[in-house]
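Note sheet for the following structure.
Remember, predicted model here, so these are calculated numbers, not experimental data. Protein chains get the first letters and strands the later ones, always in sequence-line order, with residue 1 at the start of each.
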Amino acid sequence: MSSVLRRFLGPRAVVLPFAIVLAFPFYWMVVTAFKKTTELYDLSSVPFWWHDGVTLSNIRDLFEHTPYVTWLENTALVGVIVVAITLVVALPAGYALARLSGGWGQTMGVGIFLTYLVPPTLLFLPLSRVISDLHLSNSLGSLILVYPSFTIPFSTWLLMGFFKTIPPELEDAALIDGCSRIQALIRIVFPISLPGILTVVIFSFSLVVNEFIYAITFISSSHNRTLSAGVPTDLIRGDLVLWGGVMAATLIPSIPLALLYNAFLNRFIAGFTGGAFR
Amino acid sequence: MTERKLTRKELVKRAGVGAAAVGLGGTAGLEKAFAFAGPHKYTHKDLKYSLSILQWVHFVPAYDTWLDNTYIKVWGQKNDCDVTIDHINNTELAARAAAEVAAQSGHDLFMFLNPRADLEDQVIDHAPIVQEVNHRLKSKMNNLALKSTYNPKTKKFFGFSDGYVPDPVVWRHDLWNDVGESPATWDHVLKAAPKLKANGHPIGIGMSNELDSNMANIALMQCFGSYIQNAKHQPVINSKNTVNVLNYMKQLYTTGMTNEIFGWNPASNNTYLYSGKGSLILNAISATRTPEQLGLPFSDDLWIWPIPAGPVQRLGLEHVMGVFVIWKFAKQKQLAMKYLADMEVFYKGHFLNSQFYNFPSWPKAVPNIGKYLAKDTHKPHGKYTILGRIAQRYTANLGYPGYTNAAVSEIFNTSLIPSMFASVAQGKSTAQDAAAAAQAQFNTIYKKWRDAGKM
């Protein structure tokens, strides 16, 4: 075998099994989303393909008989606002901890990260009282208020590590050239930090899309729900799971997210590993 | 133009007519009934009151459609009230209730699927609703509902049970026929299980931290004469009968089930059956209704029987106990009470639209229930007739032979019984050790609630 062929096949042979394992859930979602319900329960048919033909009924039911579009809109709205809040708070916080707080910065950074580790299953009870007192029950405002409590700590810690990889000499030069600290941040530091910022955006948005406990306990009406609460509530009817609908409902938002990850994959990796060697 | 104020008497009268119409079941007849009541006084006007209800996503989807789109709209209009029902999955009810209690704010009515005596301090005394229904139906609630919602120590109704769901054994007649058996007794089940499993159709009885496993395991215990507590509300789990039932279940698991039952969830019973794999489950009739609707090939072979008889008796549990509570912090207590009373008095619509899933806690609320059950046209004909007998004879309350109390609620909600079963079935402990360990846990729980003055 020529060395060219080896170089071509070698990496692919290593990657292929992982790719199959990771892509399989998506494949399964696609197959199930377009499969007839009766075929889903037919154990005699091979489950990896369509035998009775494809159907759009699961998709149609989703859009016609559930407030799925509203869930998508709610999720997008909450996601965008939470990401914006997270950036506004975490960017200066991460920078300050990396540059301005000396030896305390690292300790505080770890301390802030630890707050991220407190599970929502413990926090939702006291937070329920807060939400009620603020008259935010059953409104998207409750989620917009609460979600930054876990996106900001993680993002601050992540950005802190990333800012440390940027040579301070760049800012010093900007300051000498007459920039203020804020100007140096906006003109020099943030553009260089784009991979880190993108990581925060994608990661925070993913956290918001996946969050379940707060979404199910703070929101009670179907039309105010986000995807993570709406799908299991309206499509899992106690002991009857509408598999086709569930798969269609999870497949649809996963496509743009997958494309987003793919488009910014290199920057995403750079963002996560940026502070790893400091 | 001044709007004439509606007197309370008139309100009750009109509500009665409205509820009677809804009680007819479905939309059929509604228009006629309300024509009798006169034109809608509040049509196109803002309704004066609002009533919020939180309850589960019903296992029979058609019921929620009727409830949300017909029943509450008609009832609300007649009571000058905008009724909203928020549905959540049954597995999220406990978390949601905890959040509402923590916030001291939430829905006016909250429906649980099992009695929550442990929340007694958070709810009003529901006795006036019980008395109202007793008066209007000229009869009393059945013993199951009484023992599920009343605390004899504090003399308080900590909930209002509108109805309950019988828990039959659902089995594939064709598969059992192949092995020449039927699930008449638990001995028969044990004999048939290895053959069924060998044919690729195991038994499916959960041993997991969820509602169905709890119900099935406790029902099995009762058949063997094993109980959580005695009639004096003393924990008696550590008994010879408990050891027997644990050993039985271990044998049944080893010979006739798969390890899927340790990851059971409320959907698993049905999924197991629908896949064509399961040969027997303990579940409400949603397990048969869905195959009928989907036209699954074996739907005519799904038979419903009472729980198999054990060495001591044949006695199951309700599969779901509908228990509404009105929080002390609810804003519309009076309206909520009226909603519940009307619901019970005109329960026929709930019974029919749930496709016989919801049985009334006041038997007289749906007279001649057997007549409706017998009319069902699905094959085998008359298969639902047995439900009436199961509901009356073979359905006990949680905590039988005592009342459902706070300790029993805690044991149920923390799934200590399925954990005990699983630990023996998986060989992690012997039946004797598991029963003794459960007794120690129960003693602590009972002491806590006795010290709190709740039992």
Out of A/Leu125, A/Asn138, A/Thr121, which one racks up the most heavy-atom pairs below 4.5 Å with chain B?
A/Leu125
Which portion of [X] sits near chain A, non-hydrogen atoms under 4.5 angstrom:
X        : value
B/Leu296 : side chain
B/Ser275 : both
B/Ile88  : both

Using 0.5 Å steps for rounding, measure from the OG1 atom of A/Thr233 to the NE2 atom of B/His87.
11.0 Å
From A/Tyr41 OH over to B/Phe298 CZ, what is the distance, rounded to the nearest 0.5 angstrom?
9.5 Å
Tell me the closest heavy-atom pair linking [X] and [Y], and the distance in Å.
X        : Y        : answer
B/Ala103 : A/Ser128 : CB-O, 3.3 Å
A/Pro232 : B/Asn89  : O-ND2, 2.8 Å
B/Glu92  : A/Phe212 : OE2-CZ, 3.4 Å
B/Ala99  : A/Thr217 : CB-CB, 4.1 Å

Chain B contact via A/Leu235 - which portion, at a heavy-atom distance below 4.5 Å:
neither
Could you check whether atom [atom1] of [X] has more than 12 heavy atoms from other residues, nucleotides or ligands sitting under 6.0 Å from it?
X        : atom1 : answer
A/Tyr261 : OH    : yes
B/Lys328 : NZ    : yes
B/Trp327 : CH2   : yes
B/Lys331 : NZ    : no

Is the side chain of B/Asp86 donor-acceptor paired with the backbone N or O of A/Ser222 at a distance under 3.5 Å, no angle test?
no
Could you tell me whether the side chain of B/Gln293 reaches within less than 4.5 Å of the side chain of A/Thr37, counting heavy atoms only?
no
Heavy-atom check, side chain of A/Ser132 versus side chain of B/Gln104, under 4.5 Å
no
Counting heavy-atom pairs under 4.5 Å with chain A, the top scorer among B/Gly106, B/Gly276, B/Ser286 is B/Ser286
